[in-house]
Protein chains: 2
Amino acid sequence: MLKLSTKGQYGVRAMFEIARRHPGEPVAIKEIAARQDVSVAYLEQILNTLRKSGLIASVRGPGGGYLLSRQPEEISIGEILRSLDGPIALTACQDPMEGCVRADGCVTSLLWKALGEKIEGFLDAMTLRDLLTGNSIKQKQKDLYGHKYASGEAQKAGQQMFFEKTGKAGA
Amino acid sequence: MLKLSTKGQYGVRAMFEIARRHPGEPVAIKEIAARQDVSVAYLEQILNTLRKSGLIASVRGPGGGYLLSRQPEEISIGEILRSLDGPIALTACQDPMEGCVRADGCVTSLLWKALGEKIEGFLDAMTLRDLLTGNSIKQKQKDLYGHKYASGEAQKAGQQMFFEKTGKAGA
DNA sequence: ATAATACTCTACTAATATTGTCAAGTATTT
DNA sequence: AAATACTTGACAATATTAGTAGAGTATTAT
Ligand code: FES
Ligand code: FES
C-alpha cells in the first residue's frame, strides 16, 4: 500500500542526475536514460513536466540537455513529486479538489490529515542537496526527529507545518 | 499521489465502529454498513480479512456480530492497514517481496526507506484508543514530535524504529 | 544550407490494481 | 425449522499506471 508511482521515482532519480553536474554542462536525456535504465520516451514525458513546473530548464541543439533552474538545496523532493503526481491526497476527503461534507464529524479525518502533513513535511524538508551529500539523510532524520533542521528550505516545512497549516482539507 | 485504498479507509472506520462499543455487545455488520455508508457485501470482505488477521472475532447467530480481539489501545492503525492492503512499500525496491540488487548503490533507496519508516512509525503508534478519545490525536502528534509517547504500544513504534529497524529492504 | 542532434508534444494502448457486486453456502440461536 | 448473521470465492466494472509511438520543432556545427 501507499505506493509511489514510477513516474515520481524516475523523476527524482532524473533530477538527481541533473543535480550531480550542477553547475555545469547540460545533461542529455540520453545520458540520464542510460544511467537510470529508463526509456528515453518515458523520460521525455517526465522531464517535460518538470520543465513546465519550472524546476529545470532545457538547452536545445547539439551539446544540449537539461539544467537545474535553482540551486539543489532549493529544490525539494516534495516539489518534484507534486509536479509529477499531483498533490498528496491520502484519501478523497483530503484531496483539495474533492473535499468532504462530513469532514467535521469524521474521526479518521484528523488522522489522515495528520499523516499527510507528516509525509509532506518530510518530503518538503528533503532537498536535492541532501541527496547529493548522501550520508546526510540519516543526519537529517535525526535532526527532524530531534526538533531541529539542517538546511535552509527545511525550516518552512517542519514544526510550523504540523500545527499551523490547516487550510488544506477545509474546503 | 500516495493514495490510501478505500478498503483500508473503510477498514479503519469499521474497526472504529466496533471499538466504540467495546467492551459490550457484538456489532452487526449491517449496523456498520449503515453508519459508514458502505455496502454490506464489501464490508463482509473487509471484516473477513480482519478476522483472519486476528484483530476481531465474530459471533454468529441472532444478536451476533463482531468484537475486538484485543483492547483498543493494543490495536494500531498500522496493523489494520497492513492486514487489508499488505505492507507499506513505497517503491518496488522497498518491497520485502521484491527487493533490489542495486539497493546499495542507489541514493534514493535511503530516502524511501526513511520515509516508509516514518509513515509506519506514525501508523503503528496510533491506536484505536486514540481514535476513540478523538482529541488526543493532536496531543499525540505533539508527543511524537517532542520525542515522547503517550500510549502503551507506541513505545515499540517510535524512536527505536527510526534507527534500528533496518532489516526491511535488505532482502 | 543542411544534416545531425536534441528537445517538444499529443495520442494511444497494454497491463495492473482497485472497487465493488453477486450468489450460494455454513453456522447459531430462538 | 425458521430467522439471523457470518463465510467464501468468483467475477465484472472502472480507474490508474506505465510505457510506447511517432510526428514535429528548434539549434548548432560544418
Ligand atoms: S468521510 Fe470525509 S472526512 Fe471522513
Ligand atoms: S533502484 Fe532499487 S534501491 Fe534504487
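In what follows, every chain begins at residue 1, and chains take the letters A, B, ... in the order their sequences are listed. Any value given below was found using the heavy atoms of this structure, including those in side chains, with hydrogens, waters and symmetry copies removed.
Within the nucleic acid shown, B:K3 comes within 4.0 Å of sugar-phosphate atoms alone, with no base atom in reach, counting heavy atoms only. At a threshold of 4.0 angstrom between heavy atoms, the contacts of B:L47 with the nucleic acid are absent. Note on A:V38: nothing from the nucleic acid sits closer than 4.0 angstrom, heavy atoms only.
Checked against D:dT8, D:dG19, D:dT20, the side chain of A:Y10 finds its nearest nucleotide in D:dG19. The listed nucleotides are D:dT27, D:dT7, D:dA18; the one nearest the side chain of B:N48 is D:dT7.
A straight line from CD1 of B:I46 to P of D:dC6 spans 14 Å, rounded to a whole angstrom. Rounded to an integer number of Å, the gap from CG of A:L4 to C1' of D:dT17 is 12 Å. Rounding to whole angstrom units, CD of residue B:E25 and P of D:dA5 are separated by 12 Å. When the P atom of D:dT7 is taken as reference, atom CG of B:L50 falls 12 Å away, rounded to whole Å. The distance from atom CD of B:E44 to atom C1' of D:dA5 is 9 Å, rounded to the nearest whole Å. Taking atom CG of A:L43 as the reference point, atom P of D:dA18 lies 14 Å away to the nearest angstrom. One interatomic measurement links the two molecules: OH of B:Y42 to P of D:dT14, which rounds to 15 Å at whole-angstrom precision. What separates CZ of A:R60 from C1' of D:dA29 is a distance of 17 Å, to the nearest Å.
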Inset, instruction - Please lay out, stage by stage, how A:R35 and A:E31 fare under the test salt bridge (charged side-chain N to carboxylate O under 4.0 Å, His left out). - result: CA-CA 6 Å; A:R35 272 188 187 280; A:E31 183 183 343; 3.7 Å; yes
Legend entry - Worked check of salt bridge (charged side-chain N to carboxylate O under 4.0 Å, His left out) between A:E17 and A:R20: CA-CA 5 Å; A:E17 287 297 333; A:R20 280 175 72 161; 3.5 Å; yes
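Mapping A:G64 and B:P62 onto DNA chain C by nearest heavy atom places A:G64 at the nucleotide closer to the 5' end. Two residues, A:V59 and B:G61, neighbour DNA chain D, and the one matched to the more 5' nucleotide by heavy-atom proximity is B:G61.
For the pair A:S39 and D:dT20, the criterion of a side-chain N or O lying under 4.0 Å from OP1 or OP2 is met. At the phosphate of D:dT7, OP1 or OP2 sits under 4.0 Å from a side-chain N or O atom of B:S58.
Side-chain contact between B:L123 and B:I80: absent, with no pair of heavy atoms (C-beta onward) separated by less than 4.5 Å. Within the 4.5 Å cutoff, no side-chain heavy atoms of B:T108 are placed close to those of B:T91. In this structure, the side chains of B:L2 and B:L90 come closer than 4.5 Å at one or more pairs of heavy atoms. By the 4.5 Å heavy-atom criterion applied to side chains, A:T6 and A:Y42 are counted as neighbours.
Counting atom types as modelled, A:Q45 pairs a side-chain N or O with a base atom of D:dT20 as donor and acceptor under 3.5 Å.
For the pair B:R70 (side chain) and B:E74 (backbone), a donor-acceptor distance under 3.5 Å is present.
First and last contacting nucleotides of DNA chain C toward chain B (any atom under 4.0 angstrom from a heavy atom, 5' to 3' order): C:dT19 to C:dT29.
A:K30 has no carboxylate O lying under 4.0 Å from a charged side-chain N of A:E44, or vice versa, which leaves the two without a salt bridge.
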